[in-house]
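To start, the structure under review is shown below, and the notes come after it.
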Amino acid sequence: MSAQSNLSIQDEISAAILEVLTAAKSKLNCEIPTSLTLDRPKNRDHGDYATSIALALAKPSGLAPRVIAEIIVAGLKARADIAAVDIAGAGFVNITLAKGSQGGVISNILASGKKFGHGNKLTGVAVNLEFISANPTGPLHLGHTRWAAVGDALGRVLAAAGAKVTREFYINDRGVQMDKFGASLQAAALGEARPEDGYHGAYIDDLAKEVVAANPQILKVSGEEQTFAFRDLGYKLQLTQQQSVLDKFGTHFDVWFSEKSLYDNDFFVHCQEVLKSKGHVFQLDGATWLRTTDFGDDKDRVMVKSDGSMAYFASDSAYYISKRERGFDICIYMLGADHHGYTGRLKALAACNGDDPEYNVDVLIGQMVKIMEGGEEVKLSKRAGTIITLEELVEKVGVDAARYTLIRYPVDTPMVMDVDILRSRTNENPVYYVQYAHARVCAVLRNASDIGIKYGADSIYPELLVHERERELIGALGEFPRVVAGAAELREPHRIARYVEELAGVYHRFYADCRVLPLGDETPSELHSARATLCSATAQVIANGLELLGVSAPEKM
RNA sequence: GCGCCUGUAGCUCAGUCGGAUAGAGCAACCGCCUUCUAAGCGGUAGGCCGCAGGUUCGAUUCCUGCCAGGCGCACCA
């Protein structure tokens, strides 16, 4: 093995290719890209890694793709870690690694342990990740649940890429909704009809009882005073319930940010001054507006209404300023599809504040989630009255299956969760497929220890791992850091899930074709150790991947 | 009317800067456990990548138009 290096083999080779191209710059007579990624070809005949860079440079350089490919081939031929460099088709360069040269991946994984896959793409970047942000007036429902899973996973992924992540839950605890909530609780407690535009779920009755139990004196007061008392205590209890449900779901927040608090200590006044000083605030018809149309929004937005009360956007703007003043570089908003209209105004708000809306604000829109059971869409929730709750979903399928399934799809596609599949224990249910792979590796390692097979950093023997399945497995393991970096950059945690499924599949195939432990009275050899070590590296990567999703990696199933 | 998202195998869906024969699981059919977890593995079959143009050596991917579905367009929150 060559000296330990943090660069993976593909990073080294792509850097080498760039060097070769740069050296030939006079001949190419065009801009040389600053980075290039080697693909893992689907077809094994195309080698371990491939690049189409020669095709891409053909036009700017005015040279035939094959001529450029020849330059790359000539430049790479001398490397000891490459067995062959071939030109195929119109000008693809296919690289086949020398036997054993993939072994660095294994020692890397063993040395890095839980940190394997972590990178530094976002080092030094302070990210504010806001998700869920529900009203504290009822249970969290299915829409919130998607974000509870995806937001949490994204937080883990961004942190793995080096970012300093603060997860924030914005509590919409201000405004007429809260008063309607209080009035609904009050009516429920007194056995009166609830306001038409109030809250009607069955949970209101339970919550009203809880409020009375917590403060029996509340029945002694009346009128508005009583409404507010119900509102404030109900809020507290409901928020606690949301927090407890999220806690059980494995989603934790660093900051629970109260919308109301934006108006404490003249903070809002300060925010208005800030925005005014940037020159996009104006008065019209007695109201105070922000001229978001200066930056592409459809219409200007009211902050302070003509009657002096605050529009919702007042809070939005103050909240954004708060985030920026607290030092966050990137503010990520995860919103439901019914709020997609917010993107334009949030970006414009940032621009009005003199920020770069493309960098400082990142709005992710999550499409709807449907849930199917017994072939039919489940619509009714016994608690919420209309929509199924997070708690009910977890009761049905468990935390791991719920989280995994919600994260598995890109958020911009509407998704359907089939409860029957999530309860099944087959290939059909990807979370079990992946967890089973992990449990299987662990079983092999337990057996290896029992019969005294040595494995670990001293027992890698990369030159022995030449079976096709072994090469596939090592190659797949080496992809993990790049997958994590991509998921962070694109804000797409589902890539981790897809990768881990792929890795589990590769492992299962390896397991089927490559016997790890000695058979019968066979004498333990270095190959057994090498394979056991490979298993141990695989277990680490699967566990790391599942960790990023907040899904458990069981050692036994 | 304007805007955002979606349209890929019978079903549920992957497919980041355009790349080689478009993938996975399920469902269908055929195989594999007297030794490491069969919650597994192998094989067969299954496609106008919504439609029509355009850019390109090359388009599921980028651009334009159209069709279909979902969701929005308040001095509501």
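Just so you know, these numbers come straight off a predicted model, no measurement behind them. Proteins come first, then strands; the chains are lettered A, B, ... in the order of their sequence lines, and each starts at number 1.
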message = Using a 6.0 Å distance limit plus a 45 degree cone around the ring axis, check whether R194(A) lies over the aromatic ring of Y199(A).
response = no
inquiry  = Any side-chain N or O of N94(A) below 4.0 angstrom from OP1/OP2 of A20(B)?
reply    = no
Please tabulate, for the side chains in residues 485-497 of chain A, all donor-acceptor contacts under 3.5 angstrom to protein atoms that are two or more places apart in sequence or on a different chain.
| residue | atom | partner | partner atom | Å |
| --- | --- | --- | --- | --- |
| E489(A) | OE1 | K121(A) | NZ | 3.0 |
| R491(A) | NE | D362(A) | OD2 | 2.7 |
| R491(A) | NH1 | A488(A) | O | 3.0 |
| R491(A) | NH2 | D362(A) | OD2 | 3.3 |
| E492(A) | OE1 | R495(A) | NE | 2.6 |
| E492(A) | OE1 | R495(A) | NH2 | 2.8 |

message = If you take the centroid of each ring, where Trp contributes its six-membered ring, are F169(A) and F131(A) closer together than 6.0 Å?
response = no
ask   = Below 4.0 angstrom from OP1 or OP2 of C41(B), is there any side-chain N or O of Y433(A)?
value = yes
inquiry  = Is F92(A) stacked against the base of A20(B), taking the criterion as centroid distance under 5.5 angstrom and interplanar angle under 30°?
reply    = yes
task = Summarise how protein sits on nucleotides 7-12 of chain B as a single string, 5' to 3': B when a protein heavy atom is under 4.0 Å from the base, S for sugar-phosphate-only contact, - for no contact.
result = -----S
ask   = What pairs of residues pass the side chain to side chain donor-acceptor pair (under 3.5 Å) test when at least one of them lies in residues 59-70 of chain A, not counting sequence neighbours?
value = none
N/O contacts under 3.5 Å, protein versus nucleotides 29-31 of chain B?
none

key: Qualifying salt bridge (Lys or Arg N to Asp or Glu O under 4.0 Å) pairs, either residue in residues 434-456 of chain A, two or more places apart   = none
key: Distance in angstrom units between K59(A) NZ and C62(B) P, rounded   = 18 Å
ask   = Can you name the residues that form a side-chain contact (heavy atoms from CB on, under 4.5 Å) with S133(A), not counting sequence neighbours?
value = E130(A), Y170(A)
inquiry  = Let's test your reading of the pairing rules: Watson-Crick or G-U wobble, both distances under 3.5 Å, then write RNA chain B as a dot-bracket string with ( ), [ ], | and dots.
reply    = (((((((..((((.....[...)))).(((((.......))))).....(((((..]....))))))))))))....
ask   = How would nucleotides 68-77 of chain B be written as a contact map, 5' to 3', with B for base contact, S for sugar-phosphate-only contact and - for no contact, using protein heavy atoms under 4.0 Å?
value = ---BSSSBSB
request  = Check side-chain contact (heavy atoms from CB on, under 4.5 Å) between P554(A) and all other residues, then give those that pass, not counting sequence neighbours.
outcome  = Q435(A), S552(A), M557(A)
message = At 4.0 Å (heavy atoms only), tell me whether A88(A) reaches a base, stays on the sugar-phosphate, or touches nothing.
response = base
query = Where along residues 470-480 of chain A does a heavy atom come under 4.0 Å from RNA chain B, residue by residue in number order?
reply = none
key: Heavy-atom side-chain proximity of L335(A) to H340(A) below 4.5 angstrom   = no
request  = Report the residues that fulfil side-chain contact (heavy atoms from CB on, under 4.5 Å) with Q283(A), sequence neighbours left out, ordered by chain and then residue number.
outcome  = T288(A)
message = With heavy-atom distances below 4.5 Å as the criterion, would you say the side chains of R469(A) and L473(A) are in contact?
response = no
inquiry  = What contact category does A58(A) fall into here, base, sugar-phosphate, or nothing, at under 4.0 angstrom with non-hydrogen atoms?
reply    = nothing
N29(A): side-chain contact (heavy atoms from CB on, under 4.5 Å) partners, not counting sequence neighbours = none
request  = Report yes if a side-chain nitrogen or oxygen of R498(A) is closer than 4.0 Å to either non-bridging phosphate oxygen (OP1 or OP2) of A24(B); otherwise report no.
outcome  = no
task = Mark this stacking check for Y511(A) against C36(B) as yes or no, applying ring centres under 5.5 Å and ring planes under 30°.
result = yes
ask   = Looking for any heavy atom pair under 4.0 Å, which part of the strands does H494(A) touch: base, sugar-phosphate only, or nothing?
value = sugar-phosphate
